[in-house]
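Written below as C-alpha cells is the structure these notes are about.
Convention: sequence-line order gives letters A, B, ...; per-chain numbering from 1. These figures come from a predicted structure and were not determined experimentally.
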Number of protein chains: 2
Amino acid sequence: MKTFTIGQVAEKIGVTVETIRYYEHEDLIPPVRRDEGGRRVFTDDDINHIRLVIEMKKADVPLKDIAYFASWRGDGDDSLEARYEFLEKHELTSEAEIKQLEKSLAFLHYKKWYYKTAIEAGTENIHLLDGTLEVSEDTLNEYAQLLKNSDAKTLGKR
Amino acid sequence: MKTFTIGQVAEKIGVTVETIRYYEHEDLIPPVRRDEGGRRVFTDDDINHIRLVIEMKKADVPLKDIAYFASWRGDGDDSLEARYEFLEKHELTSEAEIKQLEKSLAFLHYKKWYYKTAIEAGTENIHLLDGTLEVSEDTLNEYAQLLKNSDAKTLGKR
DNA sequence: CTATCACCTAAAGTTAACTTCAGCTCAAGC
DNA sequence: GCTTGAGCTGAAGTTAACTTTAGGTGATAG
C-alpha cells in the first residue's frame, strides 16, 4: 500500500506538519505507524482521518468533541449509536448557526441601506432624531415598507 | 433623560458588567459619562452602542474590526463611505460563512445516513471494503442515487 | 565527510475575547 | 459607626487551537 511522509501529507491536504502532529498528540486521529527511525508513515486511511477532522472543524465542531468521536472508532460497531447521536447534536448546532448568521446578514443589509441612503443624502442626519443618535421611526418604517417589495440584499446595494 | 448604572445595563442586555467595561476599554463603544464618584452613567445611546457591538459579534466580526467601525463614528459624515464598505466586506464574509456551513451540514447529513444504515445493519462493515476503513463505491453510489429523490436531511433521519 | 534537510519531542509562546483577582471608594442599611 | 454591596482600576489568568522554539537524530547531496 502507498505510504507518505508527514511533509507529503501536509502538502497534499494543505495544513502544516505541526498541525498534523498536534492532531495526533490530541488523539484526534489514531496513532500513526512509525518506521525504524521513529518517523511517521502515513497511509490513505491516516489521511482520511485527518480529512475527517478538518471537515468537522469546518462544521465548527470543537476539537475536544472530535476527540470523542475519534475515540469511539476504537469501540467498533458498539459505538454506532453514540456516533449517530453525536452527528445529530452537531447537525442541530450547525442549523442554529446558519439561522443566526442569516439574521446577522439581514442586519448587515439593513445597515448597508442605512448608510447607502445617508451617503446619497450627504449626511446621516436624515435618519436621526434632531441632534441625537437615535434612529427615527420614519427611517425604520421606510425600510419596513421597502422590504415588502424588494429583498434586503438588493436594498443595500449601491 | 433616563440613565442607568452598569449593573442595570448588564442585566438589561444580558452581558456581565466586566464585559461592558472591557468593551469601553477596547474602544468598542465611546467613553461613558461618569458621575462625581467616577461611576459610569449610561444613556439609551450608550446601550445602543453596546447592542451594536453584540450584533456585529453575532455576524462574526472581530472586535478589532468593530473598534474601527466605532472610531469612524467620531468622523461623522466624513466616514459614511468607509462604514458602508466595512459593512459590504463583512456581508461577503457572512455569506461565505453561511455557504461553508451549508456544505458542512450536507456532510453531517451524509454521515448520519451512513451511521443510520450501519445501525440498521448492525455493523459498519456494510459500507467498508473488505477489512479496510475505506468506504465502498457502492455506498457512495447508493447515497448519490438516494439524493436524487430525497433531501439529505431526511435521509439522515431515523 | 560534513553540512543540510526532513524528521522527532517536549515545552513555551500566541491571539482573541473575556474572566478573575487584589485592592480601593463610597453610599446605604442596621 | 460599621458592614455590606456596587462600582472602580490595572494586572494577571483562562481557553482553544495552534505555532514557535530549543535541542536532537539520521539520510543524502556535494
| request: Apply side-chain hydrogen bond (donor to acceptor under 3.5 Å, both in side chains) to Glu120(A) and list each qualifying residue two or more places apart in sequence or on a separate chain. | output: none
| request: With sequence neighbours excluded, give me every ring pair (Phe, Tyr, Trp, His ring centres under 6.0 Å) pair touching residues 30-63 of chain B. | output: none
| Looking at residues 45-53 of chain B, who's got a heavy atom less than 4.0 Å off DNA chain D? | none
| request: May I ask you to check whether over 12 heavy atoms, not counting those of Tyr68(B), lie within 6.0 Å of atom OH? | output: no
When the side chains of residues 125-137 of chain A are checked against the rest of the protein, which donor-acceptor pairs come out under 3.5 Å, sequence neighbours left out?
| from | atom 1 | to | atom 2 | distance (Å) |
| --- | --- | --- | --- | --- |
| Asn125(A) | ND2 | Thr123(A) | OG1 | 3.1 |
| His127(A) | ND1 | Thr139(A) | OG1 | 2.7 |
| His127(A) | NE2 | Tyr114(A) | O | 3.0 |
| His127(A) | NE2 | Thr117(A) | OG1 | 2.8 |
| Thr132(A) | OG1 | Leu129(A) | O | 3.0 |
| Thr132(A) | OG1 | Glu134(A) | N | 2.9 |
| Ser136(A) | OG | Asp138(A) | N | 3.4 |
| Ser136(A) | OG | Thr139(A) | N | 3.1 |
| Ser136(A) | OG | Thr139(A) | OG1 | 3.4 |

| field | Residues which pass side-chain hydrogen bond (donor to acceptor under 3.5 Å, both in side chains) with Ser94(A), listed by chain and number, not counting sequence neighbours | value | none
| remark: Per-nucleotide protein contact along nucleotides 3-17 of chain D, 5' to 3', at a 4.0 Å heavy-atom cut-off (B base, S sugar-phosphate only, - neither), is ----SBB------SB
| task | Kindly write out the residues that satisfy ring-ring contact (aromatic ring centres under 6.0 Å, His included) with His109(B), not counting sequence neighbours, or none if the list is empty. | result | none
| side-chain hydrogen bond (donor to acceptor under 3.5 Å, both in side chains) involving Glu142(A) - partner list, sequence neighbours excluded | none
| request: Identify, with sequence neighbours excluded, every residue that meets salt bridge (charged side-chain N to carboxylate O under 4.0 Å, His left out) alongside Asp65(A). | output: Lys89(A)
| message | Let me test you: for the helix from dC1(C)-dG30(D) to dC30(C)-dG1(D), what is the angle between the axes at its two ends (five pairs each), rounded to 10 degrees? | response | 20°
| ring-ring contact (aromatic ring centres under 6.0 Å, His included) partners of Phe86(A), counting only residues at least two apart | Phe69(A), Trp72(A), His90(A)
| All side-chain hydrogen bond (donor to acceptor under 3.5 Å, both in side chains) counterparts of Lys103(B), not counting sequence neighbours | none
